[in-house]
Every structure is written in C-alpha cells, then in structure tokens.
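These notes concern the structure reproduced below.
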Amino acid sequence: MINIEIDGIKIQTENGATVIEAAHLAGIAIPHFCYHKKLSIAANCRMCLVQVEKAPKPLPACATPVAEGMKVFTHSEQAVKAQKGVMEFLLVNHPLDCPICDQGGECMLQDMSVGYGGGNSRYHEEKRVVLGKDLGPLVSAEEMSRCINCTRCVRFLQEVAGQMELGQAFRGEHAEVMSFVSGTINSELSGNVIDLCPVGALTSKPFRYKARSWELSRRRSVSAHDSLGSGLAVHTKNNRVLRVLPIENEAINECWLSDKDRFAYEGLNSSERLTKPMIKKDGQWQEVPWQVALEFAANGMRHLANGAGAEQIGALATANSTLEELYLLQKMMRGIGSDNVDFRLRQSDFSTDGKQQGAPWLGMSIADVGQADRLLIVGSFLRKDHPVLAARIRRAVRKGAQANIIHSADDDLLMPLANKAIVAPDAIVETLAQIAKAVAAKQTDGIAGSLSSGQRVVVLLGNFAQQHPQAAQIQALAQQIAAATNGKFGFLGEAANSVGGYLAQATPSAKGLNAASMLAAPRKAYLLLNVEAELDCANPQQAIAAMQAADLVIALSAYKHHATEYADVLLPIAPYLETSGTFVSCEGRVQSFKGAVKPQGEARPAWKVLRVLGNLLKVEGFEFDSSEAVRDEAIGGMDIAAKLNNASPATAQSAIPTPQSSGLQRVSDVPIYATDAVVRRSAPLQATADAALPQVWLHSDELKKLGVQAGETVNVSQGQGSVKLLAAADDKLPKGVVRVATGHAATAALGAMFGTISVERA
C-alpha cells in the first residue's frame, strides 16, 4: 500500500492506482468527463487537472499514478484556475442549447459548468458545426456539435463490446466521432454509449423528446429477457414506461445493460396488446367480462377432467414467467389431478427427469465466471444469448484467460479464442468424449491442453447444448471434463426463470408428461401461460398441430397472436413491468420486484388470474392476497443453495440416440430479438440488423452441390412444412449443416430445432 495526502486527508491506496481512483476511495470528488472506471485511460478532456506538490504544472488526476508521500490539491487556486480554463475551452464550441437538449437535467457538462464555468464568454466567433450521424434505430447522434470528444463511446465499443464501430477522425477543432465499418452501430450492447455520453451528443432514439428527467418516476425492476437478472431502473410518466436504465451491481451486470433489456419496454405499447378477455363463439371472437371468461375456462377444464380425465389436460409456460405464476400454475394443475405441467419448451432431451435432483444452475457466481483463467463453452451463441456475460468473459480474455469453444456455428465472439471445435450437431458428443479422454491422458495440446494448464477452470453449457437431443450425454461429459481439471461446471440458462421454474415445481412428476410428450401425444386441453406455441416451442410444427387438435385451449397472454387461430379463450395478463413477481437468476439469486406501471386496459397480473381459476376449480390453498404470499409459500424457508444441483446421473444416456443423418442437419438459433413475446414486439429492436428476416446459411460447398448462388431464394423443408428464404454462404459452418433460425414467424412452419432438413432451389 502507498501513503498519499489529498486535500490534507491521509489516504492509503494500492500501488499502481491513479490519483482520481485514490480520491474516489476517500470520497473526494474530482471533476472529469473522459474518465470512467470501466474504460481505459484517455486523459483527453483535462477536466481533472489537479495540483501536485513539486510538479511544475497541473496534472490530470486520471492519468497520474500515485507515489509514496505524494501531496495532491484538488481545490487549490492553481487547480481551480486550470479546471475553469478547461471548462471555458469546452464551452467555446458547445451549442449551449440546454433548453432543447434531451440530456438537460442529467448532463455532466451542464452540472459542472455551474461550478467551473464563467458567467459570460470571451468567445464571439462562429461556433463549429458537426453534422448529425445515423447510428441506427436505438442510438440518436443528431446533435454531434455537442460532442466534447471524450471518446468514452469509442473506448466502450472497442474494449467492452469488442468491436470498434465508432472512432475519432480528423484533428483539432475538426475532430469528430463517427462510425466506420457499417455506418450504424450493430452491437448488442450499443445502448450503453447513451449512459456513457457526458453531454447530449448520443441519446436514446426511442426516448427522444418524450419527457424531461425530472418529470419521470423511477421504479426498480429485474430483467426478464435472459438468465442474468440484471437490475433495471424503470422510468415512467403517466402510467407509461418511457425508458429503462441499468442499476449498477458489480456482482451481476456491473454498470451495463444489453439492448434487449434496455429497449424491450417498447413492446409493452404494441398495438397487438390484448386488453380485454375474449371467447371464441361460432368461430368469431367476442369480448366478454372477466367473470364470463374465467367461468368458461374453469367449466371447460372441469368438464374435461370429469370426462376424459385430468391427464388429458396439459399446461405449458415460458421460463420468462414469474416464480409466482409458475408455482400457481403447477399447484392448480396438480389440484385437479394432472401432472402435465412444464416450462422447458425448447428442450428436447428429458432423459434425466426424475434422476437429477434439484435445479440446473450456473454452478458458481456470475463474478466467478469473469475470474476464470480457462473456459470451455459448449453449444452457446454466447454474444446474442448472454450479451452482458459475454462482455465479462471478453474482459477476462483481455486479461490473459483462454476461451475454448465447442459448437455447431462459428459466430464471431469478438475476442481471441485459444481453441475451437466447430462440428455438426451429431458430432458434439463424440467431440466432448475425445476431449474428456485427452484431459484424462494429460495431453498438452488443443482444448484439453488449454484446460489442463489452468488454475481456475470453468465449463459452461449454453442454450444450444441444453436444447440438443443428446443434452444428457453432453452434460455428463462436460461435468467429467470439469471434474478432471478441478474446474467448475454450470448451465448458462435460457431465460429469467430457467432456475426458478424448477424451484416452483413447474416440471412433471414421474406420472406426468413433459413439454415434448404433451405435444407429441396431443392432449384434449391446453392451458398456455405466456406461450406463443408457434414461436416458443422446440418443434413449432408439432406444437401448432397439437393446439389445433385440442378441444379446449386457454391462453393467458399479454398479446393477440397466432393463438387467435387455435385458442378458445384469451385471458389478458400483464407483462413483466406491469406485474409484481420474482425471478431466480442463473446463479440462484432470488430477486423480487413490483410493477412499474398499471396493467393496460383490463389486463390482470397472471398470478391473480390463476388464483381465481384455482378458486373456481375448488382447488385448496388458493387464498393469496399478494404475490409475496405466493412467493413465500413457494420458496419461503427453502434452502435455495441446497436446491441448486447440477449433478448428472453417472451413466447419463439421452433418450434420443445419435442421429445417423444422411441429409443436411439443422442448426437452430433463437435470434436475440425473437426470444420472448415482449421483445418480439419492440419496434426499435425489430428495426435492428439482428432482427432482419432469417436466411438459410450453408457452407459454400453445400450451395454448389445444390446449384444455388448466395442471395437466391430456396425452399427449406422439414417434416410437413416448408418455407421460402434467401440462401447465404458461411464457410465457417461445418459441411452438412443448414443454419436456420427458430422462434421467428418466417420459420414457424418448420419442424424441430434439431434434425434432418432439406434445401432445394425455389
């Protein structure tokens, strides 16, 4: 430790720290613009100039390392004169358009000009003008004349997001920040540059001109769109969500937020919102009072349970549903005598059901992932499935960690990889088996060598691996590799309650049917919670067929969707920012939240709808008066840590054998902005490059065999359905595979996420 003195206060700080870091530890404020604790030091704004004893001139606090016995003065006459001089230069070319600036009221330049700016300006010449830029549908850069060239946005995109999409061109007063590669910012973390910008140069395009910061009410919430559990600050006005910002938490999302979490709220205001209960009579939809709709649903379920038997009723939910909703759903189903309840809609291998005790989870804290020095990531579209966690891993790699990938697609993760094995889906198990053997034999090359040389090894299974038909074997082998390298093993988790669903017991018991079985052997009735069957299931073709074959389909949904074709009753429920509830993140962190705004129209929180249905069905124990009461019954007194368990049966064998595929194998990803109902209806997100119409990706050699050129339309057939899409070449794909997205309306007619698929010229 080093002893220094700042403004007469004696401070102990670590060797290598800068003056500004030492000052922050002591609670001493030093004005700054370009400095940010998560970014590299640029020292180009000079606002943090301070006086250092024996130094001939003021020094930038952000770039001056501490030294033993150093004496620093942040508010001396010399320091303040230097800071005021910098402020005068910054304001020379600034437009001074605070009354119309969207950043007004939360602008660092505005705040600091009060303390360090002059009452008038000595500058009377014309100010420079920088033309606005079009950076895409999320970030507005219309007023780049306000930019003070702090380069925070440039450094963030390069260092944290991993790709230099912005840079600074020209010199002196002609210097300006601009995009280089594509013209727009396409990073899945791009919205963070809005928070980083200390002036009004980069602002939120969807929020622009909607409200002033002091007009907004603020509510805390939790992300519903991936398994990380990022903290959200939800800003509202007149019962409408106008923007979402991150809540800083070093243990989870640090100070970042993915664009999906930041802009998904726009989906709440979609024209597709279901705001009144509806019943289908004689093929026509009619709006009805709640009591009528609920009694219709309850009577239909009771009639079927008494007639065909309760086992003919199945309940499906998404893992974005709250813990309370999932708990009440399974409690109601079991109360009427059915064990057919499941939230694992995109899973295809259920062979460990009944053998694996507890909930599959991350196996460590989120922070531990960033501390690993060797990583093996199996079957994950990491950047798009877990953007904020990918940034944490990217930083670990920058610091010397080695990342290894086994997957069926070779997406650019924007970081150097030590090794990668890109193989067809049916070769993943064999690849893992070979690595397990190599680790046991202490081989020193390839993935095995990388893992064996590490002190803190982490093995992670992504969404693709968990959805794989041989998920049980993949898990067993991955755990074997982790154990042999004294590493940690875990599941990344697909959605907000991928862990919470298990704790809520929303999975079938031994006599119940899992999600795949319920759709393969259609039930006479289905209860759908937050489910769009054609987009949320592993086999949309099979799901739609099952829904159409059913006598009764009850859909609890926030939106009108394809269910209007197969459902009998639509019950409008409140999406995540309009209801209270609990999410359990991939690391087992239990986070409860309140609704930020009231539900639209006659929509009701789903837990309340399920409570009333339970009462109408005369199921005992449905006298809840708050979501907290439901949560306390579901997990109150539960030892969460004891319930988290990744242990796989020693001889895990998937129910589905290795496919001996003679045709092309399908590789399926769920596009980042197609993961759930709210995200799919956020207009700004749907205008991004990531939300473009899916294409059919093949190796160029496969395209040649088919006699197809990239850019031509092809017929893609699977099972009973086919779709027409554009073909595209990707030579990083293994030969013999076709990459086609799922979860999208354009591909909903196709079959399972894994399996044989055919492509031919249209």
Side-chain angles (χ1 to χ4, degrees), residues 222 277 288-306 310 313-318 320-343 497 500-509 512 525-530 552 554-558 569-576 578-584 590-595 598-599 601-640 643:
V222 182
V288 296
W290 263 107
Q291 191 65 25
V292 174
L294 289 166
E295 286 178 355
F296 177 90
N299 289 338
M301 289 175 70
R302 191 184 298 112
H303 178 74
L304 270 163
N306 294 338
I313 304 173
L316 298 170
T318 65
N320 302 94
S321 307
T322 67
L323 178 90
E324 293 80 357
E325 293 162 6
L326 293 168
Y327 178 75
L328 289 179
L329 180 69
Q330 65 83 22
K331 184 175 182 178
M332 183 180 74
M333 290 299 291
R334 292 190 163 105
I336 62 171
S338 173
D339 265 328
N340 304 332
V341 58
D342 209 345
F343 72 99
N497 258 334
Y502 285 92
L503 302 182
Q505 303 164 55
T507 53
S509 63
Y526 290 98
L527 185 61
L528 305 179
L529 173 61
N530 283 317
L552 175 68
I554 302 162
L556 281 71
S557 174
V569 55
L570 294 172
L571 302 177
I573 58 172
Y576 74 116
E578 296 178 8
T579 185
S580 58
T582 303
F583 292 138
V584 185
V590 179
Q591 299 186 96
S592 295
F593 53 90
K594 298 277 191 186
K598 293 176 182 175
E602 293 181 27
R604 297 287 179 266
W607 72 265
K608 289 187 176 181
V609 177
L610 291 164
R611 178 193 64 188
V612 177
L613 274 176
N615 288 328
L616 290 173
L617 290 164
K618 295 185 169 50
V619 178
E620 289 185 10
F622 267 73
E623 294 75 34
F624 300 103
D625 55 10
S626 68
S627 62
E628 289 81 5
V630 183
R631 177 198 63 202
D632 291 345
E633 179 174 303
I635 60 170
M638 180 187 288
D639 184 349
I640 302 288
K643 288 286 184 182

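The model shown is predicted, which means the values in this text are computed figures rather than measured ones. Positions are given from 1, in the same order as the sequence printed here. Only heavy atoms go into these numbers, but all of them, side chains included; no hydrogens, no water, no symmetry mates.
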Q) In Å and rounded to the nearest 0.5 Å, what is the CG to CZ distance from Leu323 to Phe583? A) 10.0 Å
Q | Closest non-hydrogen atom pair between Arg611 and Leu328, with its separation | A | N-CD1, 4.4 Å
Q: Give a yes or no on whether the ring-centroid distance for Tyr576 and Phe593 is below 6.0 angstrom.
A: no
Q) Does any non-hydrogen side-chain atom of Tyr526 lie less than 4.5 Å from one of Ile554? A) no
Q: Spell out, as yes or no, whether a donor-acceptor pair under 3.5 Å connects the side chain of Asn497 to the backbone of Thr582.
A: yes
Q: With Lys643 as the cation and Tyr502 as the aromatic partner, state whether NZ or CZ is under 6.0 Å from the six-membered ring centre and within 45° of the axis.
A: no
Q) Can you name the nearest heavy-atom pair linking Val569 to Ala297, along with the distance? A) CG1-CB, 4.3 Å
**Q.** Lys594/Glu628 salt bridge by N-O under 4.0 Å criterion
**A.** yes
Q. With sequence neighbours left out, what residues match Lys598 under salt bridge (charged side-chain N to carboxylate O under 4.0 Å, His left out)?
A. none
**Q.** Donor-acceptor contact below 3.5 Å, side chain Arg302 vs main chain Leu616
**A.** yes
Q) Distance-only, no hydrogens or angles: does the Trp290 side chain make a donor-acceptor pair with backbone N or O of Glu602 under 3.5 Å? A) yes
Q) From Asn615 CG over to Lys618 NZ, what is the distance, rounded to the nearest 0.5 angstrom? A) 9.5 Å
Q: Nearest 0.5 Å please: distance from the CG atom of Asp632 over to the OG atom of Ser592.
A: 8.5 Å
Q | Nearest heavy atoms of Met333 and Ala315, plus distance in Å | A | CG-CB, 3.6 Å
Q. Taking all non-hydrogen atoms of both residues, which atom of Leu610 and which atom of Phe622 are closest, and how far apart?
A. O-CE2, 3.5 Å
Q: Report the C-alpha distance between Leu552 and His303 in whole Å, list the side-chain angles of each, state the deciding distance to 0.1 Å, and finish with yes or no for side chain to side chain contact (heavy atoms under 4.5 Å, CB included).
A: CA-CA 11 Å; Leu552 175 68; His303 178 74; over 6 Å; no
Q | Residue that, paired with Tyr327, satisfies side-chain hydrogen bond (donor to acceptor under 3.5 Å, both in side chains) out of Glu633, Arg631, Gln505 | A | Glu633
Q.
Quick check against the 3.5 Å criterion: does Ser338 have a side-chain atom that pairs as donor or acceptor with the backbone of Ile313?
A. yes
Q. Are Leu556 and Glu325 close enough that some pair of their side-chain heavy atoms sits under 4.5 Å apart?
A. no
Q: Could you tell me the separation between the NZ atom of Lys608 and the CG atom of Leu613, rounded to the nearest 0.5 Å?
A: 14.5 Å
Q. When rounded to the nearest 0.5 angstrom, what is the spacing between OG1 in Thr318 and CG in Asn530?
A. 4.5 Å
Q | Non-hydrogen atoms of Val288 and Ala293 that approach each other most closely | A | CG2-CB, 3.8 Å
Q.
Do Ser557 and Pro572 have side chains that approach each other closer than 4.5 Å (heavy atoms only, starting at C-beta)?
A. no
Q: Measure the spacing between CG of Asp339 and OG1 of Thr507 and express it to the nearest 0.5 Å.
A: 9.5 Å
**Q.** Shortest non-hydrogen separation from Ala574 to Ala603 and the atoms involved
**A.** N-CB, 4.4 Å
